[in-house]
Amino acid sequence: MVDMASEKFDILKHELVPRHEVLKPEEAVEVLRSLGVRPEQLPYLRASDPVARAIGAKPGDVVRITRRSPTAGRVIVYRFVIAG
Amino acid sequence: MPGEKEVRSIKFGMLSPDMIRKMSVTAIVTPDVYDENGMPVKGGVMDPKLGVIEPDQKCETCGNKLAACPGHFGSLELARPVIHIGFVRHIHEILRSTCRKCGRLKLREEEIDKYLELLNRLKDRWPQLAESLSEYVKRRAMKVFECPHCGEKQYRIRYEKPTTFIEEGPLGKLPPTFIRDWLSRIPDRHLRVMGYDPEIAHPSWAVITVLPIPPITVRPSILLETGIRAEDDLTHKLVDIIRTNERLKEAINVGSPEIIIEDLWDLLQYHVTTYIDNEVPGVPPAKRRSGSPLRTLAQRLKGKEGRFRNNLSGKRVDFSARTVVSPDPYLSINEVGVPVDVAMNLTVPLRVTSWNIDEMRKYVLNGPFRYPGANYIIEPNGRRLDLRYNKDLKAVAEGLKPGFIVERHLLDGDIVLFNRQPSLHRMSIMGHVVKVLPGRTFRLHLAVCPPYNADFDGDEMNLHVPQTPEAQAEALTLLLVQEHILSPRYGGPIIGGIQDYISGGYLLSSKVALLTKDRVSDLLASINYEGEIPEPAILAPKRAWLGKQLISLLLPEDFNFAKEAKISSGALKCVNEECFWDSYIVVKKGKFLMGVIDKNAIGAQQPESMLHYIVREYGPSFGRSFMDKAFRLFLRFIEMRGFTMTIDDILIPPHAYEEIKEVFRRALDEISRTITLYKEGKLEITPGRTLEESLELKILEILSKARDEAGDLAVKYLDPFNNVFIMAKTGARGSALNVTQMAAMLGQQSVRGERIHRGYTFRTLPFFGKGDIGPEARGFVLNSFVKGITPVEMFFHAAGGREGLVDTAVRTSQSGYMQRRLINSMLDVIVEYDGSVRSTYGDLIQFRYGEDGVDPKNASFGKAVSVDRVVRKHVGWRIE
Ligand SMILES: [Mg+2]
Ligand SMILES: [Zn+2]
Ligand SMILES: [Zn+2]
């Protein structure tokens with residue numbers, strides 16, 4: 001039996017989990033400016049989301065997700081971290 | 001404009017008793033409506049103070065006439081308060097979270113402060129979070145059974161439908177008066193934490209003390225032909241309320257026993273409840289004398305026929321027409337045939353200028369009853385002139401000056417929108433060019449049937465005339481049929497050849513279609529061909545042209561294409577151009593060299609077809625004209641040759657039936673062997689199935705094999721190039737299975753994917769022995785449609801057929817509801833100019849449309865270009 005609760009299992013290494021990174025405040029501001037949105041107009045990511053916890057994202061952070069797409073190659077999206 | 005105000009926001013709340021009294025222009029005091037003379041009684045529900053109802057009468061309250069008087073509210077003081085049925089949920093919630101004695105929220109004051117502060121911070125930016133915080137606060141307070149403020153012991157409060165609240169403690173049933181006092185005791189701060197704004201919706205107002213009486217304009221009485229006045233349902237209900245209220249007041253005044261007062265109070269509660277909502281669970285709906293339920297306040301708003309869905313989300317419109325549709329292959333696919341009668345009712349407004357004034361005068365002179373005429377003219381001062389009632393059209397025409405607007409009849413070439421419900425996708429409404437025709441039906445080209453999902457068994461369609469130049473330009477550039485040949489659903493043409501177009505294309509392009517010069521001339525004349533007739537492909541013994549040559553005339557000069565035809569299968573399979581059977585399409589430099597036109601070349605809903613690439617590479621205009629010409633050519637040819645279906649096409653000789661019976665007998669033997677194996681427990685079990693299921697599967701497999709064998713047998717006796725086979729093989733209509741069922745046998749009938757087994761105990765019908773699991777007893781039909789089926793077989797066939805009907809009925813209602821939900825949630829989501837997808841609030845939904853920003857309609861398999869196709873297009877053949 002694999003002990004899923006143990007620290008040994010790193011979900012960030014799973015092939016179905018795309019790269020998540022917390023943006024520095026300056027970066028976040030630049031992203032929001034280029035998209036022309038307020039942070040809460042981005043899609044949300046719960047702070048309790050396993051990946052958010054793994055990368056230490058706190059409510060108020062902006063997270064960049066880089067994933068592979070069969071039609072678009074590399075796709076970058078952003079999430080606004082909310083409490084909960 | 002001065003004095004004009006802008007609506008910034010809307011806030012919903014409850015009417016307070018004070019507000020209701022303030023609004024009221026008269027107290028309603030009597031259940032009497034009219035006196036002996038038929039005049040409305042003062043202080044009754046039809047009191048003239050509530051607003052004028054007859055024209056030319058002056059309002060007693062506001063002094064306006066009918067058109068300007070908005071109607072005025074009255075009020076009725078209830079002898080005892082009653083619960084408002086719309087707010088019982090809130091009342092229950094608040095009663096449970098507040099103290100029965102002091103009315104305060106059952107949480108410590110510090111906690112309340114903390115939550116209130118958090119709430120105020122959340123409210124503006126996160127209204128949804130604020131709402132769930134309030135929910136949380138209430139849920140916490142409900143779990144407290146001793147008041148943290150006054151120490152009072154608390155009891156559970158049970159809600160009993162529809163309007164009763166019972167304390168599981170000393171008080172028992174809580175009367176509305178008690179509830180109102182309780183709710184009034186709650187401090188405003190505590191209400192705010194619970195999510196209520198006491199200024200606009202104080203919970204104590206949810207107990208009705210004074211009832212607003214709506215103006216007569218919202219409940220007009222109607223005069224029947226018999227001269228009897230019929231009152232609105234609301235008026236009836238109001239009279240019931242007032243009468244009960246009077247009786248209750250009387251009973252209290254004379255000091256009647258408590259039971260009688262209680263009864264009358266309950267009756268008042270019933271009347272007020274059904275006045276607000278006549279479909280409350282647990283309350284018998286109030287009925288009219290005819291027995292039909294009354295349509296009271298909630299019923300006016302709710303559901304498909306309610307104010308929202310019927311009058312606000314959807315309205316009836318002007319400049320529209322609806323009639324039956326019928327086919328017209330002589331139209332362009334861009335056109336719609338409009339009956340003259342319709343064209344004389346629908347109009348297009350045109351501004352008179354010095355350049356068109358003569359034309360406009362002609363329309364006015366013709367008037368509304370002669371086509372092409374005009375129905376109205378609008379003078380520059382805005383005055384509308386109805387030409388129907390104008391005797392002197394000549395004078396009107398002469399008086400026409402630049403700046404006037406003439407609403408002329410619909411003419412050939414006007415652009416209109418054409419629609420067939422259910423409008424499930426974009427192509428359900430397309431722009432068509434008008435062609436005014438005799439008759440009483442709208443006519444459309446058969447190639448546009450697939451996007452509308454229309455047939456001609458009585459289908460009706462709607463037509464709308466855009467009125468402004470902007471709308472017309474938009475319809476012309478965005479909505480025109482030719483712009484929708486390619487569907488975003490599967491990136492192929494949704495408009496294309498169907499049925500006879502495919503049969504005709506096949507017959508014309510097959511190599512046996514040798515045409516004389518007469519024929520060629522006839523065919524080319526049908527498409528108004530104006531160029532040279534090409535050299536004949538065959539010179540001796542007689543000059544003859546191939547159909548392929550005529551098709552080449554329609555293709556672009558540099559068009560290259562190669563693909564297997566639909567007929568390429570079995571013995572006639574071709575996989576490349578080195579093939580004898582003519583079932584591999586090769587077009588090089590615009591010359592149709594090989595293969596035949598069938599569904600794979602010109603069929604609707606066939607991606608990667610010849611038609612697809614023609615439209616994709618030469619544009620919608622060329623694609624449209626190609627279809628217009630090619631389809632007309634194919635039809636002309638099929639007309640010349642003749643195309644029908646005869647019984648001989650599916651009739652096999654009597655001895656063939658013997659062979660089919662033999663096939664069946666062999667299947668029977670195999671089945672009985674299988675059953676024996678099963679009984680001996682030696683049957684091989686299919687993985688994941690029980691023994692019984694394995695047996696069933698085995699039997700089904702044997703029977704399906706038997707049908708296929710029978711089908712192959714029958715086909716042997718039939719002409720493989722008869723019209724039925726042509727239709728099945730080219731994809732024009734029908735399938736090999738249809739042919740088998742007509743000629744050989746229907747095979748196994750099924751319900752829910754299983755052999756038919758329900759009916760009587762242990763058997764499907766009394767004709768069979770109990771426990772018979774042989775093919776005939778379980779829905780196997782040995783006969784064919786041509787031969788005729790037995791009554792028992794007919795019963796099984798009907799059982800299987802019924803399932804199909806039920807499925808479609810269930811599916812359409814389910815998918816309709818799903819469609820409604822999807823549309824309601826996505827209707828104002830748009831793709832912005834930066835390629836992102838956003839809501840109307842600017843919230844980001846996708847950072848780039850569909851992640852890749854590709855329009856599926858113009859893409860091939862998600863890519864902007866298909867390298868394979870580009871190579872083939874330019875080189876003309878595949879490099880292997
Ligand atoms: Mg129909
Ligand atoms: Zn008035
Ligand atoms: Zn208390």
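Just so you know, these numbers come straight off a predicted model, no measurement behind them. In what follows, chains are A, B, ... by sequence order, proteins preceding strands, each numbered from 1.
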Over 12 non-hydrogen atoms of neighbours within 6.0 angstrom of [atom1] in [X]:
| X | atom1 | answer |
| --- | --- | --- |
| Glu131(B) | CD | no |
| Tyr849(B) | OH | no |
| Glu199(B) | CD | no |

Can you name the residues that form a side chain to side chain contact (heavy atoms under 4.5 Å, CB included) with Asp855(B), not counting sequence neighbours?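 Partners of Asp855(B) under the side chain to side chain contact (heavy atoms under 4.5 Å, CB included) test: Lys857(B), Asn858(B).
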
- Task: Could you tell me the separation between the CG atom of Leu129(B) and the CD atom of Glu40(A), rounded to the nearest 0.5 Å?
- Result: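 Between atom CG of Leu129(B) and atom CD of Glu40(A) there are 11.0 Å.
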
Problem set entry | CD on Gln41(A) to CG on Leu844(B), rounded to 0.5 Å |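 Between Leu844(B) CG and Gln41(A) CD, I get 7.5 Å after rounding to 0.5 Å.
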
Okay, Arg74(A) and chain B: the region with an atom under 4.5 Å from a heavy atom over there is neither

inquiry  = Applying a heavy-atom distance below 4.5 Å, give me the residues of residues 23-39 of chain A that approach chain B, sorted by number.
reply    =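 Leu35(A), Gly36(A), Val37(A), listed by number.
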
- Message: Within residues 43-55 of chain A, which residues come under 4.5 Å of chain B, heavy atom to heavy atom?
- Response: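 Listed by number: Pro43(A), Tyr44(A).
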
Applied to residues 57-78 of chain A, the ring pair (Phe, Tyr, Trp, His ring centres under 6.0 Å) test, sequence neighbours excluded, yields Tyr78(A)-Phe847(B)

Among Val75(A), Ile76(A), Ile82(A), the residue with the most heavy-atom pairs under 4.5 Å to chain B is Val75(A)

Non-hydrogen atoms of chain A under 4.5 Å away: do they reach the side chain of Arg848(B), the backbone, both or neither?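 Contact with chain A is absent: no heavy atom of Arg848(B) under 4.5 Å.
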
- Indicate yes or no for a side-chain donor-acceptor contact from Glu851(B) to the backbone of Pro70(A) under 3.5 Å, with no hydrogens or angles considered.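 Not confirmed, Glu851(B) side chain does not pair with Pro70(A) backbone.
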
